[in-house]
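Heads up: the structure comes next, in structure tokens.
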Amino acid sequence: MSRSAHPAGPRHADVLPEGHYSAPPTDLNALDAKVWAETVTRDTDGVLTVGGIDVRRLAEEFGTPAYFLDEDDFRARARSWRTAFGDDADVFYAGKAFLSRAVVRWLHEEGLNLDVCSGGELATALSAGMPAERIAFHGNNKSTDEIRRAVEAGVGRIVLDSFQEIVRVAHIAQELGTRQRVQIRITVGVEAHTHEFIATAHEDQKFGIPLAGGQAAEAVRRALTLDGLELIGIHSHIGSQIFDMSGFEVAAHRVVGLLRDIRDEHGVELPEIDLGGGLGIAYTSDDDPREPHEIAKALTEIVTRECDAARLATPRISVEPGRAIVGPTAFTLYEVGTVKPLDGLRTYVSVDGGMSDNIRTALYDAEYSVALASRVSEAEPMLCRVVGKHCESGDIVVKDAFLPGDLAPGDLVAVPATGAYCRSMASNYNHVLRPPVVAVRDGEARVIVRRETEEDLLRLDVG
Ligand SMILES: *Cc1c(COP(=O)(O)O)cnc(C)c1O
């Protein structure tokens with residue numbers, strides 16, 4: 001992924017240190033629409049605004065760091081997935097990307113379904129009124145208590161991830177006098193084109209039951225014999241932040257192959273196939289994600305073609321985008337605390353958050369972009385690393401980015417595309433308080449997840 005280095009502005013040596021940066025943009029004040037939420041723009045004073053509200057006002061009212069989420073953009077993206085797939089397919093939003101009660105209500109209103117993978121996510125979904133039959137329950141080690149709650153609530157499906165779980169869910173459903181609709185998650189031996197820590201369908205990993213060696217077929221055999229289970233389909237999730245559709249093509253081919261074998265062996269045609277999530281978004285200007293309608297068309301064509309070849313009726317398709325819906329809709333707003341130039345290297349810009357509100361850079365070497373938000377500047381670009389306030393040198397938010405050379409303490413900077421896997425992976429490292437999520441729409445901003453307080457921390461500390 002390494003890109004060519006280019007000469008930087010006057011504050012740095014001719015040869016830049018190694019890194020993942022492109023040339024300094026010609027206009028640092030320009031906003032690339034690809035990486036920013038739909039309503040983000042600069043007002044006439046050059047201040048970043050979202051939903052018509054200026055970030056200086058937002059910072060004053062809600063403090064920093066904070067995530068600002070463009071509600072209209074979220075709804076529009078959810079809707080475009082829904083309409084792209086139409087009535088013959090189901091879109092399940094992956095709650096782990098970011099879940100709150102407001103989000104659950106938006107999804108419900110926009111006609112989407114919801115994936116959860118823990119008791120906490122299930123409780124959030126149910127408490128915000130998501131009908132249980134529109135919830136899918138995932139995870140490679142659901143506790144018996146979680147399974148019981150999910151079955152009792154009447155979730156639409158449980159995605160089975162191991163042989164033990166097949167038996168466990170069957171027993172619990174029988175005990176409760178019901179038949180649980182289930183899918184079996186298989187691994188199809190596809191490695192998505194993405195960072196290895198977030199690729200999940202090659203076989204040497206904890207998720208799913210391998211297709212290879214006949215394990216998946218054996219899982220189907222067992223599930224079909226258990227009274228507590230109604231096997232409705234096969235599930236495959238091949239990775240995350242994927243741009244290349246060829247992984248889905250191979251996955252669909254193999255899943256449909258299994259459906260054909262199931263028909264041949266058992267005389268049953270399973271009615272559903274779930275191709276998971278993992279569709280990529282633009283974190284920087286170098287990323288070129290596809291539109292939901294292109295993805296829907298491609299996936300539907302692949303599955304239909306494979307089923308025709310196997311002489312199977314095309315099953316109902318479901319998909320599980322998380323990042324692709326919520327990721328682009330939010331940015332994190334930080335205040336700059338210190339600016340530390342290191343001669344011949346780069347300038348370290350410390351902000352008032354860090355790995356506690358965005359662990360992805362440290363965890364996956366993820367790339368982000370950043371912009372000066374509280375004003376525009378005509379200063380020369382300087383090569384920066386935006387870092388947090390934690391006691392960890394890997395506490396990096398944006399590894400390599402150009403910011404104006406006159407950046408100073410008190411400036412606000414915004415990191416776009418932080419809607420997914422940032423607040424949901426946030427921690428209290430260093431007893432830092434997790435930031436709020438503020439939804440902005442039509443000139444109004446409201447907190448949907450409040451900022452943590454020191455009382456919240458001390459309440460848990462009962463020693
Ligand atoms: C993580 C995950 C998703 C969502 O992935 P995104 O990259 O956010 O689209 C969907 N399905 C399953 C089973 C997952 O584990």
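For clarity, every value in this text was computed on a predicted model and none was experimentally measured. Heavy-atom basis, side chains included; hydrogens, waters and symmetry copies ignored.
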**Asked** Should the ring pair F62 and F68 be called parallel, tilted or perpendicular, given that the plane angle runs from 0 to 90° and is split at 30 and 60?
**Response** perpendicular
**Message:** Quick check against the 3.5 Å criterion: does R260 have a side-chain atom that pairs as donor or acceptor with the backbone of C307?
**Reply:** no
**Prompt:** In this structure, which one of V349, V386, D352 forms a side chain to side chain contact (heavy atoms under 4.5 Å, CB included) with V336?
**Reply:** V349
**Request:** Give the C-alpha distance, both sets of side-chain angles, the deciding distance and a yes or no for salt bridge (charged side-chain N to carboxylate O under 4.0 Å, His left out) between R385 and D400.
**Result:** CA-CA 5 Å; R385 179 160 288 175; D400 297 294; 3.6 Å; yes
**Asked** Do T418 and T332 have side-chain N/O donor and acceptor atoms under 3.5 Å apart?
**Response** yes
**Prompt:** Would you call D456 and R450 a salt bridge, taking side-chain N to carboxylate O under 4.0 Å as the test?
**Reply:** yes
**Message:** Less than 3.5 Å apart, any donor N or O on the side chain of T329 or D70 sitting next to an acceptor on the other?
**Reply:** no
**Asked** Any side-chain heavy atom of R148 within less than 4.5 Å of one from L176?
**Response** yes
**Prompt:** Does any donor atom in the side chain of D43 or T49 lie under 3.5 Å from an acceptor atom in the other side chain?
**Reply:** no
**Request:** Kindly say whether G239 contributes a backbone atom to a donor-acceptor pair with the side chain of H237 at under 3.5 angstrom?
**Result:** yes
**Request:** Determine whether Y368 and V397 make a side-chain contact, defined as any pair of heavy atoms from C-beta on separated by less than 4.5 Å.
**Result:** no
**Message:** To the nearest 0.5 Å, what is the distance between CZ on R134 and CG on L114?
**Reply:** 9.5 Å
**Request:** Begin from the C-alpha positions of R323 and Y421 and carry the test side-chain contact (heavy atoms from CB on, under 4.5 Å) through to its verdict.
**Result:** CA-CA 8 Å; R323 185 193 319 268; Y421 306 108; 3.7 Å; yes
**Prompt:** Within the distance-only criterion (no hydrogens, no angle test), does the side chain of D73 pair as donor or acceptor with the backbone N or O of E38 below 3.5 angstrom?
**Reply:** yes
**Prompt:** Could R185 and D274 be called an ion pair, given the rule that one side-chain N must be under 4.0 Å from one carboxylate O?
**Reply:** no
**Request:** May I ask you to decide if C422's main-chain N or O and N358's side chain share a donor-acceptor pair within less than 3.5 Å?
**Result:** no
**Complete:** Per side chain to side chain contact (heavy atoms under 4.5 Å, CB included), P210 is matched among D204, V188, T187 by T187
**Request:** Check whether any side-chain heavy atom of L31 lies under 4.5 Å from a side-chain heavy atom of L48, and answer yes or no.
**Result:** yes
**Prompt:** Does a salt bridge link E272 with R316, judged by any charged N lying under 4.0 Å from a carboxylate O?
**Reply:** no
**Asked** Hey, are Y93 and R82 close enough side-chain-wise for a donor-acceptor pair under 3.5 Å?
**Response** no
**Request:** Taking D287 for its side chain and Y283 for its backbone only, find out whether a donor-acceptor pair lies under 3.5 Å.
**Result:** yes
**Prompt:** Do the side-chain N and O atoms of S246 and D244 include a donor-acceptor pair separated by under 3.5 angstrom?
**Reply:** yes
**Item:** Side-chain heavy atoms of V190 within contact of F248, under 4.5 Å
**Value:** no
**CD1-CD distance between I325 and E110, expressed to the nearest 0.5 angstrom** = 10.0 Å
**Complete:** Here the pair of heavy atoms bringing V169 nearest to Q180 is CG1-CG, 4.1 Å
**Item:** Flag side-chain contact, heavy atom, 4.5 Å: V370 against F331
**Value:** no
**Asked** When you check the gap from the basic side-chain N to the acidic O, do E301 and K297 get nearer than 4.0 Å?
**Response** yes
**Request:** Start with the C-alpha gap between K399 and D365, add the side-chain angles, then the distance that decides, and say whether salt bridge (charged side-chain N to carboxylate O under 4.0 Å, His left out) holds.
**Result:** CA-CA 8 Å; K399 206 166 170 196; D365 210 14; 3.1 Å; yes
**Asked** Is D357 paired with R434 through a side-chain N to carboxylate O contact shorter than 4.0 Å?
**Response** no
**Message:** Are the side chains of V256 and I234 in contact, using a 4.5 Å heavy-atom criterion?
**Reply:** no
**Message:** Working to the nearest 0.5 angstrom, can you tell me the gap between L275 CG and T300 OG1?
**Reply:** 9.0 Å
**Asked** So L28 and L372, side-chain contact (heavy atoms from CB on, under 4.5 Å) or not? Walk me through it.
**Response** CA-CA 8 Å; L28 277 182; L372 173 57; over 6 Å; no
**Message:** Quick one about S80 and H293 (side-chain donor to acceptor, distance below 3.5 Å, no hydrogens or angles considered), yes or no?
**Reply:** no
**Asked** Can you check salt bridge (charged side-chain N to carboxylate O under 4.0 Å, His left out) on K142 and E165, steps first, answer last?
**Response** CA-CA 8 Å; K142 311 165 189 79; E165 199 173 75; 2.6 Å; yes
**Prompt:** Any Lys/Arg nitrogen of E71 or R75 sitting under 4.0 Å from an Asp/Glu carboxylate oxygen of the other?
**Reply:** yes
**Between NZ on residue K206 and CG on residue N140, distance to nearest 0.5 Å** = 4.0 Å
**Asked** Is the shortest heavy-atom distance from the side chain of L270 to the side chain of L258 under 4.5 Å?
**Response** no
**Message:** Could you report the tightest heavy-atom contact between G51 and T39, atom names first, then the distance?
**Reply:** N-OG1, 2.7 Å
**Request:** Give a yes or no on whether the backbone of I135 and the side-chain of N113 come within a donor-acceptor separation of less than 3.5 Å.
**Result:** no
**Item:** Closest non-hydrogen atom pair, A324 against I281
**Value:** CA-CG2, 3.5 Å
**Asked** Atom CZ in R441, atom CG in L69: separation rounded to 0.5 Å?
**Response** 11.5 Å
**Asked** Is it true that atom CD of E265 has more than 12 heavy atoms of other residues, nucleotides or ligands lying nearer than 6.0 Å?
**Response** yes
**Message:** Restricting to non-hydrogen atoms, name the atom on V35 and the atom on P416 that form the minimum distance, rounded to 0.1 Å.
**Reply:** O-CB, 3.1 Å
**Request:** Tell me, yes or no, whether the heavy-atom count around D27 atom CG, taken from other residues, nucleotides or ligands under 6.0 Å, exceeds 12.
**Result:** yes
**Item:** Side-chain heavy atoms of W81 within contact of I295, under 4.5 Å
**Value:** yes
**Message:** Donor-acceptor check, side chain of S427 to backbone of Y429, threshold 3.5 angstrom: yes or no?
**Reply:** yes
**Request:** Say whether, by atom type as modelled, one donor and one acceptor occur between the side chain of K34 and the main chain of S285 under 3.5 angstrom.
**Result:** yes
**Request:** Taking the six-membered ring for Trp and the full ring for Phe, Tyr or His, determine whether the centres of H138 and H235 are under 6.0 Å apart.
**Result:** yes
**Prompt:** Stepwise, does the side-chain contact (heavy atoms from CB on, under 4.5 Å) test hold for L160 with I158?
**Reply:** CA-CA 6 Å; L160 302 170; I158 294 180; 4.2 Å; yes
**Prompt:** Would you say H253 has more than 12 foreign heavy atoms packed within less than 6.0 Å of its NE2?
**Reply:** no
**Prompt:** Roughly how far, to the nearest 0.5 Å, is CG of L457 from CG of N428?
**Reply:** 5.0 Å
**Request:** Inspect the contact between E218 and R221 and indicate whether a charged nitrogen and a carboxylate oxygen are less than 4.0 angstrom apart.
**Result:** yes
**Prompt:** Is the backbone of C117 close enough, under 3.5 Å, to the side chain of E121 for a donor and an acceptor to pair up by distance?
**Reply:** yes
**Request:** Would you please say whether a donor-acceptor pair under 3.5 Å links the side chains of R105 and S100?
**Result:** no
**Request:** Look only at the side chain of S424 and the backbone of K96, and say whether a donor-acceptor pair between them is shorter than 3.5 Å.
**Result:** yes
**Prompt:** Do other residues, nucleotides or ligands put more than 12 heavy atoms under 6.0 Å from the CZ atom of R101?
**Reply:** no
**Request:** Just do the side-chain contact (heavy atoms from CB on, under 4.5 Å) check on V103 and F98 with the steps written out, would you?
**Result:** CA-CA 8 Å; V103 163; F98 172 64; 3.6 Å; yes
